[in-house]
Amino acid sequence: LFAGKLTKAKGGEELIKALSLVKSKLQNTALVIVGQKDTYTERLIKEAQNARIKVVNTGWLSEKELPTIYAASDLVVFPSICFDTFGMVNLEAMISHKPVIATCFGGAKEVVVDNKTGYIINPFDIQTFADKMFDLLSNRNLARDFGDAGYERVVESFSIEKQVTEYLNLYI
């Protein structure tokens, strides 16, 4: 699953390159893109299709629809090549018990714990990116363990109660 406000800076092209390597080992691999339907997304879809990757673009989904699409995914990728400040997609995936492969650029590493809730990768390192996707797609127990650890991390570290308490402590 690849979700969010999709632009070139979000690492979609790197994802397609890495996923094409995964597809050579795991034939039954598909990409679900959750985001706007525009010329950039259409170009990504064409690139995926040229690499013989099955791809579906759901378009934007409502808040009520997002849990279903996360539940249906095996893993979530956040390969941004820009310095995203946080990446809510990571939290959404983790609260859904899904492992995450996230970028080393920006704030994703504040959310995703490498080798515990997912993997932190450099999206330009296509081989490592592919290896980590293959690792999670081919090892259901590891994917489940990462997903469960991610859920616990969100509950313990990113709940609204914890955020409010920390915010109030700044002023007390």
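When all heavy atoms of Ser73 and Val76 are compared, the closest pair comes out as OG-CG2, 4.0 Å. Contact record, Leu75 with Met133: CD2-O, 4.0 Å, taken as the closest heavy-atom pair. Annotation for Val112 and Met94: closest pair CG2-SD, 4.1 Å, computed over non-hydrogen atoms. In terms of heavy-atom proximity, Trp60 sits nearest to Gln36 at NE1-CB, 3.3 Å. A pairwise comparison of heavy atoms in Val89 and Ala3 identifies CG2-O, 3.5 Å as the closest pair. What you find for Ser138 and Leu26 is that their closest heavy atoms are N-CD1, 4.4 Å.
Taken together through direct or relayed side-chain contacts under 4.5 Å among Ile, Leu, Val, Met, Phe, Trp and Tyr, Val22 and Ile33 form part of one hydrophobic cluster. Each of Leu19 and Leu1 belongs to its own hydrophobic cluster when Ile, Leu, Val, Met, Phe, Trp and Tyr are linked at side-chain heavy-atom distances under 4.5 angstrom. Linking ILVMFWY side-chain heavy atoms closer than 4.5 Å, directly or via other members, places Phe134 and Val100 in two distinct hydrophobic clusters. In this structure, Leu66 is a member of the same hydrophobic cluster as Phe78, with clusters built from ILVMFWY side-chain heavy atoms closer than 4.5 Å. There is a path of hydrophobic side-chain contacts, each under 4.5 Å, that joins Ile53 to Leu44.
For Asn169 (side chain) and Thr165 (main-chain N/O), a donor-acceptor pair under 3.5 Å exists by modelled atom type. The closest donor-acceptor contact from the side chain of Asp125 to the backbone of Asn122 lies at 3.5 Å or more, if one exists at all.
With sequence neighbours excluded, no residue forms a side-chain contact (heavy atoms from CB on, under 4.5 Å) with Asn50. Every side chain to side chain donor-acceptor pair (under 3.5 Å) that Glu92 has, sequence neighbours left out, goes to Tyr70. Taking the salt bridge (charged side-chain N to carboxylate O under 4.0 Å, His left out) definition, one finds that Lys10 meets it with Asp84, sequence neighbours left out. Applying the side chain to side chain donor-acceptor pair (under 3.5 Å) rule to Asp114 yields no partners; only residues at least two apart in sequence or on another chain are considered. In this view, Ser157 and Arg153 satisfy the side-chain contact (heavy atoms from CB on, under 4.5 Å) rule, not counting sequence neighbours. The salt bridge (charged side-chain N to carboxylate O under 4.0 Å, His left out) search around Lys46 returns none, not counting sequence neighbours. Every side-chain contact (heavy atoms from CB on, under 4.5 Å) that Ser62 has, sequence neighbours left out, goes to Lys64, Glu65. Scanning for salt bridge (charged side-chain N to carboxylate O under 4.0 Å, His left out) contacts around Glu47 gives Arg43, with sequence neighbours left out. Legend: residues meeting salt bridge (charged side-chain N to carboxylate O under 4.0 Å, His left out) with Glu161, ordered by chain and number and at least two apart, are absent.
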Expected list for residues 102-110: side-chain donor-acceptor pairs under 3.5 angstrom, two or more places apart:
unit_1 : atom_1 : unit_2 : atom_2 : d
Thr103 : OG1    : Ser80  : O      : 2.6
Thr103 : OG1    : Phe105 : N      : 3.1
Lys109 : NZ     : Cys104 : O      : 2.5
Lys109 : NZ     : Gly106 : O      : 3.1

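Within 6.0 Å of the OH atom in Tyr151, the count of heavy atoms belonging to other residues, nucleotides or ligands does not exceed 12. Around CD1 of Ile160, the count of heavy atoms belonging to other residues, nucleotides or ligands within 6.0 Å does not exceed 12.
To the nearest 0.5 Å, atoms CG (Leu61) and CD (Glu63) are separated by 11.5 Å. From Asn57, atom CG reaches atom CZ of Phe2 across 10.5 Å, with rounding to the nearest 0.5 Å. Taken from CD1 in Ile16 to CG in Leu21, the straight-line distance is 11.5 Å, to the nearest 0.5 Å. Atom CD1 of Ile45 sits about 11.0 Å away from atom OH of Tyr40, to the nearest 0.5 Å. Between the OH atom of Tyr119 and the CD1 atom of Ile101 there is a distance of 8.0 Å, given to the nearest 0.5 Å. Put simply, CG on Leu136 and CG on Asn141 are 12.0 Å apart, with the number rounded to the nearest 0.5 Å.
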Evaluate the criterion side chain to side chain contact (heavy atoms under 4.5 Å, CB included) for residue pair Val32 and Val34; output intermediate values, then yes/no.
CA-CA 6 Å; Val32 176; Val34 178; 4.2 Å; yes

Assess the residue pair Phe86 and Val111 against the criterion (side chain to side chain contact (heavy atoms under 4.5 Å, CB included)); give the C-alpha distance rounded to whole Å, side-chain angles, the decisive distance to 0.1 Å, and a yes or no.
CA-CA 8 Å; Phe86 193 72; Val111 179; 3.5 Å; yes

Does the side chain to side chain contact (heavy atoms under 4.5 Å, CB included) test come out yes or no for Leu31 and Leu15, once each step is laid out?
CA-CA 10 Å; Leu31 173 63; Leu15 169 59; 3.8 Å; yes

Step-by-step side chain to side chain contact (heavy atoms under 4.5 Å, CB included) determination, Thr128 to Lys132
CA-CA 6 Å; Thr128 299; Lys132 297 303 184 183; 4.3 Å; yes

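Applying salt bridge (Lys or Arg N to Asp or Glu O under 4.0 Å) to Asp74 and the options Arg140, Lys98, Arg144 leaves one that passes, Arg140.
Applying the side-chain hydrogen bond (donor to acceptor under 3.5 Å, both in side chains) rule to pairs touching residues 16-34 yields Asn28-Lys54, sequence neighbours excluded. Residue pairs meeting the salt bridge (charged side-chain N to carboxylate O under 4.0 Å, His left out) criterion with at least one member in residues 31-42, sequence neighbours excluded, do not occur.
At a threshold of 4.5 Å between non-hydrogen side-chain atoms, the residues Thr117 and Phe146 do not count as touching.
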